[in-house]
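These numbers come from a predicted model, not from an experiment.
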Amino acid sequence: MAAKSTISCQDVPPIQWRSPLSTSSDTVSASATSADETVEIDPATLRRAAWTCSFGSALEYYDFALYSLASALVFGPLFFPSHIPGMGLIASFGTYFLGFAARPFGGILFGALGDKWGRKSVLLITVTLMGVASTGIGLLPTFQTIGYWAPALLILMRILQGLGAGAEQAGAAVMMTEYAPRGRRGFFASLPFLGIQVGTIIAALVYFALLFGIDDVTSGWLWRVPFLLSSVILVVALYMRATLKESPAFAKMREASEEVQEHLGLRALLRQSWKTILVGMGLRAAENGGSSIYQVLALSFVVHTMGMRPLVGTVALISAAIIGAFTVPIAGLLSDRFGRVKIYRAFAIVTAVTAFPVWYAFSTGNTICVVIALTVALGIGIWGMFGTQAALLPEMFGAHHRYVAVSLTRETSAVISGGLTPLFGSFGIAAISHFHLHDAHPGQSAWWVLAIYVILLSLTTIIATFFLPEPRNRDLLNPKDIL
């Protein structure tokens with residue numbers, strides 16, 4: 001609902017804006033564009049682009065939140081039964097990490113195709129791959145039925161899911177940044193990221209409905225329903241994307257000379273853009289690592305370590321997503337006014353400052369404290385960075401390789417910061433539990449270790465912001481990176 005009301009407020013006469021495709025000082029070639037050229041984007045086209053990108057993001061993060069919840073709550077006993085306490089959960093988080101490990105490969109492959117074929121074509125492929133893989137998970141036999149083939153097939157579906165997701169969010173961010181009027185890129189680019197909250201809320205509500213009044217959702221077929229619902233979202237997303245026009249910036253590049261349309265190989269990309277990619281990975285440390293630690297590990301901590309009901313985690317996630325639905329576009333607006341770097345740094349500081357009180361609240365086992373803590377940490381700190389990042393990363397890279405560079409930056413950092421976090425965290429909880437076996441909650445003392453980890457991620461991001469020049473309103477046809 002938040003996305004709809006935000007977009008519809010732009011129902012004004014056709015927008016004429018000075019082309020972000022060119023400036024008098026930054027030109028790609030004489031045939032690319034002229035300084036006096038303007039581009040007309042009517043409100044209907046702008047709204048369609050925002051809705052289409054948002055719906056694809058909703059599917060991605062529905063799948064993401066769904067797999068996160070399932071990893072923390074149901075996959076262990078269904079696919080990785082073990083007599084050793086905690087080993088099923090660790091194995092479940094291992095498959096969670098494999099999805100992240102596959103994302104850079106998908107980002108490189110589909111990102112390069114997106115720079116060559118166009119944003120629209122690749123976004124159709126990625127959303128299909130994610131939707132089919134998620135639906136397939138809902139059809140898998142469990143370990144009890146086919147033994148070790150069950151976890152093997154789950155791993156395969158997770159890898160396919162990761163390959164599609166590797167270029168999905170980057171493509172949506174690039175698409176909307178290239179569609180948006182100069183001076184409002186932060187706001188419009190953040191709109192597809194509202195799909196994150198929508199997808200997260202839907203996944204959490206579905207699990208809330210399944211868990212309500214049911215002590216063990218793994219004993220029947222109900223755990224399959226959320227995954228099968230991915231097929232419905234997929235059909236709608238495909239229809240919307242099939243009718244979307246290509247982004248103005250890519251359309252302009254397609255008309256340009258052969259020199260403009262050259263594409264970098266991976267080795268050349270790394271040689272030319274390694275500084276920008278490295279800074280981008282630093283920027284994502286707190287955002288992606290924090291998102292993973294709060295959406296996956298924190299839920300597992302309050303349920304498996306503190307013994308709280310799974311419903312508590314889903315309620316907390318719903319609350320955080322609702323607040324995040326407001327935080328994301330507000331962060332985009334603030335970045336348009338005050339600059340991307342300042343706003344991004346501010347939200348990273350919020351994440352660092354709140355780490356200790358948030359994780360202490362998780363360790364209390366108090367429902368109200370848990371809901372408030374997750375809402376502040378995830379809904380404000382983490383998703384504030386996410387909303388700012390929507391236009392920030394695309395503006396950092398040159399025109400020829402923007403899609404693949406954003407994908408590579410996002411997904412490589414996702415493996416390091418996001419994918420490994422629940423795995424390391426679960427090992428940490430298990431290690432501390434070993435020394436408190438006779439306590440009521442053996443892993444409770446791990447809260448301060450996890451808080452320190454969040455602070456370290458935040459400091460990495462804060463430091464990275466000081467190496468980045470302000471990219472706001474940068475010419476999108478400039479072939480050079482900002483660094």
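Using a 4.5 Å heavy-atom threshold, the side chains of Leu283 and Met396 count as touching. Put simply, the side chain of Thr177 does not reach to within 4.5 Å of the side chain of Val174, judged on heavy atoms. Put simply, the side chain of Tyr453 does not reach to within 4.5 Å of the side chain of Trp359, judged on heavy atoms. Residues Gln389 and Tyr344 have side chains in contact (heavy-atom distance under 4.5 Å, counting atoms from C-beta outward). Within the 4.5 Å cutoff, the side chain of Leu299 has no heavy atoms near those of the Gln295 side chain. Side-chain atoms of Val341 and Pro471, non-hydrogen and from C-beta on, do get closer than 4.5 Å to each other. With a 4.5 Å cut-off on side-chain heavy atoms, Tyr403 and Leu113 do not count as touching. Using a 4.5 Å heavy-atom cutoff, the side chains of Ile137 and Tyr67 are in contact.
Although no hydrogens or angles enter the test, the distance criterion places no donor-acceptor pair under 3.5 Å between the side chain of Arg337 and the main chain of Gly332. Here the side chain of Arg103 pairs no donor or acceptor atom with the backbone of Thr412 at under 3.5 angstrom. Looking only at distances, no side-chain donor or acceptor of Thr305 sits under 3.5 Å from a matching main-chain atom of Val302. Side-chain atoms of Ser273 do not come within 3.5 Å of backbone N or O of Leu270 as any donor-acceptor pair. The backbone N or O of Ala165 lies less than 3.5 Å from no partner atom in the side chain of Thr126, so there is not a single donor-acceptor pair. A donor-acceptor pair under 3.5 Å links the side-chain atoms of Asp481 to the main chain of Gly398, judged by distance alone. Between the side chain of Gln161 and the main chain of Met130, no donor-acceptor pair closer than 3.5 Å is present. For Ser231 (side chain) and Leu228 (main-chain N/O), a donor-acceptor pair under 3.5 Å exists by modelled atom type. A donor-acceptor pair is defined here as one N or O able to donate and one able to accept, closer than 3.5 Å; such a pair exists between the side chain of Arg402 and the backbone of Leu476. No donor-acceptor pair under 3.5 Å is formed between the side chain of Ser300 and the backbone N or O of Val296.
Of all the heavy atoms in Phe227 and Ser134, the pair that sits closest is CB-O, 3.3 Å. Cys53 approaches Arg241 most closely through the heavy-atom pair O-NH2, 3.9 Å.
With respect to Phe110, the side-chain contact (heavy atoms from CB on, under 4.5 Å) criterion is satisfied by exactly one of Asp115, Ile125, Val404: Ile125. If you run salt bridge (Lys or Arg N to Asp or Glu O under 4.0 Å) between Glu395 and each of Arg182, Arg474, Arg340, only Arg340 comes through.
Between the side chains of Ser319 and Thr375, at least one donor N or O lies within less than 3.5 Å of an accepting N or O. Residues Ser407 and Glu411 bring no donor and acceptor atom of their side chains to less than 3.5 Å of each other. When only modelled atom types and interatomic distance are considered, Thr461 and Glu287 share no side-chain donor-acceptor pair under 3.5 Å. Using modelled atom types and a 3.5 Å distance limit, the side chains of Ser413 and Asn288 yield no donor-acceptor pair.
Electrostatic pairing of Glu178 and Arg185 does not count as a salt bridge here, judged by no charged N lying under 4.0 Å from a carboxylate O.
Crowding of Ile368 atom CD1: a count of heavy atoms from other residues, nucleotides or ligands under 6.0 Å not exceeding 12.
Taken to the nearest 0.5 Å, the CG atom of Leu334 stands 7.5 Å off from the OG1 atom of Thr388.
A cation-pi arrangement is found for Arg345 relative to Phe466, the charged atom lying closer than 6.0 Å to the ring centre and inside a 45° cone about the ring normal.
Under the 30°/60° scheme for interplanar angles, the aromatic rings of Phe193 and Phe386 are found to be tilted.
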- Evaluate the ring-ring contact (aromatic ring centres under 6.0 Å, His included) criterion for residues Trp448 and Phe356: first the C-alpha distance (whole Å), next the side-chain angles of each, then the deciding distance (0.1 Å), finally the verdict. CA-CA 7 Å; Trp448 62 270; Phe356 264 97; 8.2 Å; no
- Query: Between Phe347 and Trp383, does a ring-ring contact (aromatic ring centres under 6.0 Å, His included) hold up when you go through it step by step?
  - Reply: CA-CA 9 Å; Phe347 282 112; Trp383 280 332; over 10 Å; no
